[in-house]
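Both counts, for ligands and for their atoms, begin at 1 and track the order of listing. Keep in mind the model is a prediction, meaning the values are calculated, not measured. Residue numbers count from 1 along this sequence.
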Amino acid sequence: MLALPAEGREPNTPGWSVRVVPNKYPAFERQEVVVHSPEHVRSLAELDPEQLELVAEAWRLRAAAARAEGKTLFAGVNEGRAGGASLPHSHSQLVWLADEPPASKAERGDGCRLCDYLELERAEGTRVVEERDGLLLLCPYAGRSPFECLIAPLEHEADGFGSTLLGSALDLAAEALRRLAAAEGPRPANLWLHESGHWHLELLPRLTVFASLELGAGHYINTLAPERAAETLRRG
Ligand SMILES: [Zn+2]
Ligand SMILES: [Zn+2]
C-alpha cells in the first residue's frame with residue numbers, strides 16, 4: 001500500500017527500503033505493519049539514520065491518511081517475543097484509532113508538564129543519556145522497568161508525526177537499544193510515540209515481567225535506579 005523511497009514506484013515492486021502493508025490479523029478495525037528494511041534485521045538497533053528517516057516518513061504519510069479520515073494513528077514497535085512481536089523482522093504497528101489513546105490523554109495537565117520536566121532533568125543531569133539535534137534522551141525518574149527511556153524535543157512541539165525531528169528521535173531510540181545490547185545483550189523492548197501534547201517516544205526494554213502489583217495497583221517495582229541506567233547507557 002506504500003513503499004519508500006516513493007519516486008513513482010508501485011507498492012509491490014522491488015527496490016523498496018521501507019514499506020507498509022495491512023496487518024493480516026488486526027486487533028483493531030484497521031492496523032498496518034511498517035516493514036523497516038528489505039534486509040532481515042531484528043531490531044531498530046540495526047537500522048542506520050537514513051533508514052529510520054524513511055520509517056518516520058512512512059509513519060508521517062500514514063498518519064496524514066488516517067487524519068484525512070478523521071482517525072488518529074498510534075505508532076508502536078514491538079521487539080522480541082516478550083515484547084509482543086508477531087514477527088522477528090523489525091517492523092512497527094500502526095493502529096487507526098477513533099480517539100487519542102487514554103495513556104497519552106492521561107499525561108496532560110495544566111500547561112506543559114513535559115517542558116518543565118525536561119528542563120529539570122537537563123539541569124540535574126544525572127538521568128540524561130544524550131542530547132542531540134534538539135532532542136533529549138533520558139532515563140525518567142519514575143521509570144517502570146530498568147533502562148526505560150524517554151526521548152523528546154527540548155522545544156515544545158505538539159505534532160509528533162509532523163515533526164522534522166521524528167527520524168532523529170527514532171535514531172536516538174536505536175542508539176539506546178544498541179548501548180543496552182552492548183551492556184546487557186539484546187533485549188525485547190517496546191517503543192511508542194505519543195504524538196500529541198508535547199510529543200515524545202517512550203522506550204520500554206522488557207527486562208522484568210509485570211505482575212499483579214504493577215498491573216493492578218500501578219506500582220512499578222524498578223530494581224535499577226534511573227541514574228545507574230543512564231550512567232550505563234552514557235558509557236555505551
Ligand atoms: Zn512542552
Ligand atoms: Zn507518553
Quiz item: Within the distance-only criterion (no hydrogens, no angle test), does the side chain of Arg19 pair as donor or acceptor with the backbone N or O of Trp16 below 3.5 angstrom?
Solution: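 No: the side chain of Arg19 does not pair with the backbone of Trp16.
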
Quiz item: Is a side-chain donor or acceptor of Arg62 paired with a backbone partner of Trp96 at a separation under 3.5 angstrom?
Solution: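 Not confirmed, Arg62 side chain does not pair with Trp96 backbone.
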
Quiz prompt | Criterion salt bridge (charged side-chain N to carboxylate O under 4.0 Å, His left out) on Glu69 and Lys71, from CA distance to verdict | solution = CA-CA 6 Å; Glu69 293 187 30; Lys71 305 285 185 187; over 6 Å; no

Quiz item: Partners of Phe210 by ring pair (Phe, Tyr, Trp, His ring centres under 6.0 Å), sequence neighbours excluded?
Solution: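 So Phe210 forms a ring pair (Phe, Tyr, Trp, His ring centres under 6.0 Å) with Tyr220.
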
Of all N/O/S atoms in [X], the name of the one nearest the Zn ion (ligand 2):
| X | answer |
| --- | --- |
| Glu202 | OE2 |
| His194 | ND1 |
| Glu107 | OE2 |

Quiz item: the Zn ion (ligand 1) as vertex, arms to ND1 of His156 and ND1 of His198: angle to 10°?
Solution: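 It rounds to 110°.
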
